[in-house]
Amino acid sequence: GTSTDGTSGVISFSTGHASHGSSGSMILSVGSSAAAGKGGSLEMSAGDTSVSSSSSTSPYMFDRRRNRAPGGSVNVSSGSSFEGPGGEMSLSSGSGSTFGGSMNVMGGKGNGAKGGSVLVSSGAGDGDFSSGDVILSTSNDDRISGSIFLQTTTPSKTFDGVGGDISLATGSGGSLSMSAERSLTSEGGHAIVAAGSSSGNNMDGGEVTISSGSSTTGAGGSARLDAGTSESGSGGTLYLSGGSSIHGDGGDMMATSGSSTTGSGGNVALLSGSGELSGGSMSIESGSSGNTGGSLNLLAGKNVGEKSTGSGGSVTVRSGSSTKSESGELVMESGAGSSSGLVTVGTGTSTDGTSGVISFSTGHASHGSSGSMILSVGSSAAAGKGGSLEMSAGDTSVSSSSSTSPYMFDRRRNRAPGGSVNVSSGSSFEGPGGEMSLSSGSGSTFGGSMNVMGGKGNGAKGGSVLVSSGAGDGDFSSGDVILSTSNDDRISGSIFLQTTTPSKTFDGVGGDISLATGSGGSLSMSAERSLTSEGGHAIVAAGSSSGNNMDGGEVTISSGSSTTGAGGSARLDAGTSESGSGGTLYLSGGSSIHGDGGDMMATSGSSTTGSGGNVALLSGSGELSGGSMSIESGSSGNTGGSLNLLAGKNVGEKSTGSGGSVTVRSGSSTKSESGELVMESGAGSSSGLVTVG
């Protein structure tokens, strides 16, 4: 009955206890309905608690701290057992010819406070036994399986609320597994983990965090994202992508290995799969943009330890090798554009030691030809200028902020040398060595110039330029050195071998030029024969001097001497001619305005034990007349020059030989008169004596 001031009465339904058998069951069942009737319902509800009472001075009867009194509880529990398993509990809705009956397990709504919770918990295990399992499963039959939804409700738009969280957490050391079952006839089930999106003002979308477990003394757990494998189809694709944005920046995609305080940092490996037909490709490409394309940086780790002697991390970019065919290509180039970007390959700056080496080399070939190396600058169209190719070795600084000496490597005050440049063609064990060609570019107007220059010396001699052919082996000669202008049908260019004239501000001397052969080698200087124009001139001229009391340079032409054989001959021949006159040979001493004219001396060689050499002055013979010979001393406003024809003396103290003879004879003739012989002194105010004795 109803109670106005106390607790209402209790109703108890119970079966009796059994001392030796099974206790009796209790059955609460509603009868079935035939035809079009509806099955009856079975309702069990605990009592509500009213928040107001006409017989009480307080609206909160059981809790005077203004906490509402709880509604009545419903407890349904199966029986326990001391030795066997506890009784099972089954809650199942009815089956139907169309839809099966639904089952709803809901906590109560909270008015002004949190709603009631729903707890599904398995029973505890005793000792070393685990607790019972909690299984949420759809029906296991041969048809399409139903879905399982674990979701919190979306708050009403009229409230500024937040959807509830879902947490899947195992106990200490327990594993968490989420997998879609394998399918035999259709596609495999999808596994989707998606954080919630947000349309709120300046509200971020939800994050997705997947992290493996940490460890105090062991290794941290691994985290793996594996696409599915396939026996006959393609393996599944693995996508890792940052989120796109319409007006803001796109999301970043970061793959970072773990750092370590005392050990080594973790590795990052990006490996494409191997295959029988071809290995998988790998593309690392930064994003395109209508403004500036994204940058791509490959940076090895720094060595930031203050006392560490280890090196910085290495960077290796290598194409794939092949055992039966060509290895893969390696291409490094900047992208195309209105102006193409720079390509820079450089080693880092060194603060205390030697900076790094850059090595460009093609691979060795065991049986074929080794690969070529090409350094070429792109051509330019229209009015653009062809790009330059520059190769320069490193400079050496003569000062250092960390050294007390301005000459860090040589304390005898000799500067450390600048870096060398060595360019050499390849050698061969059986064939000829590789050729080397240095050529400047051709042009529609002037061809490009080529400059080979030694370095300027600051406080010392300038650098030398050496052009040398290769040595020969055994009886073979060394290679030739050829300086030649271009061989074409037009006018040939000139060849200049000259030393520079010192600046007038210095009292210096021009450098020497020396043309010298090796032992026994010949020296030939000749102008080439011309078919249409005059023959080329051969000019050997010593330098003049305008210095005070400074002589002009001498010209010395001397043949070679010999120890046991004859000395080499020295010849000055004027050129011959078939139909014109033969060339004239001039031997003349230099003239002078205020000083004496230079002498002209023709002297045969002397001998210590043999005869002195002869001097022969012979004019040429001819069909019309023989050439004349004139020996005439120079005229003067004071005293004319003397002419002396003197035979040699016999100066031997014990010799019985005679002095040399002098013969002056006119020419004979077979058909006419012989030539006249005239000996007379010259005309004057008083003629000179003629003495024959």
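Model, not experiment: these values are computed from the prediction.
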So which heavy atom on [X] is nearest to which on [Y], and how close?
X    : Y    : result
E554 : A542 : O-CB, 3.5 Å
S661 : A647 : O-CB, 3.6 Å
S449 : S440 : O-CB, 3.6 Å
N614 : S604 : O-CB, 3.5 Å
S642 : S633 : O-CB, 3.4 Å
S666 : L677 : CB-N, 4.3 Å

How many angstroms lie between [atom1] in [X] and [atom2] in [Y], if you round to the nearest 0.5 Å?
X    : Y    : atom1 : atom2 : result
S619 : M629 : OG    : CE    : 5.0 Å
D596 : S591 : CG    : OG    : 12.0 Å
K649 : L646 : NZ    : CG    : 8.5 Å
S588 : D599 : OG    : CG    : 12.5 Å
S492 : I495 : OG    : CD1   : 7.5 Å
K456 : M453 : NZ    : CE    : 12.0 Å

Are side-chain heavy atoms of [X] and [Y] found at a separation under 4.5 Å?
X    : Y    : answer
S687 : S681 : yes
V345 : F360 : yes
L587 : L572 : yes
V467 : V481 : yes
D573 : L585 : no
I513 : T499 : yes

Quick check: does any side chain N or O of [X] sit under 3.5 Å from a backbone N or O of [Y], one acting as donor and the other as acceptor?
X    : Y    : value
S559 : G568 : yes
S630 : E632 : no
T517 : G521 : yes
S669 : S674 : no

Does [X] have more than 12 heavy atoms from other residues, nucleotides or ligands lying within 6.0 Å of its [atom1]?
X    : atom1 : value
M525 : CE    : no
M373 : CE    : yes
M679 : CE    : no
M436 : CE    : yes

**Message:** R665: which residues meet the salt bridge (charged side-chain N to carboxylate O under 4.0 Å, His left out) condition with it, sequence neighbours left out?
**Reply:** none
**Item:** Pairing residues for D480 by the salt bridge (charged side-chain N to carboxylate O under 4.0 Å, His left out) criterion, not counting sequence neighbours
**Value:** none
**Asked** What's the verdict on side chain to side chain contact (heavy atoms under 4.5 Å, CB included) for I631 and L643, showing C-alpha distance, side-chain angles and the deciding distance?
**Response** CA-CA 8 Å; I631 300 176; L643 177 61; 3.5 Å; yes
**Request:** Walk me through it: do V343 and E333 pass the test side chain to side chain contact (heavy atoms under 4.5 Å, CB included)?
**Result:** CA-CA 7 Å; V343 175; E333 62 181 11; 5.6 Å; no
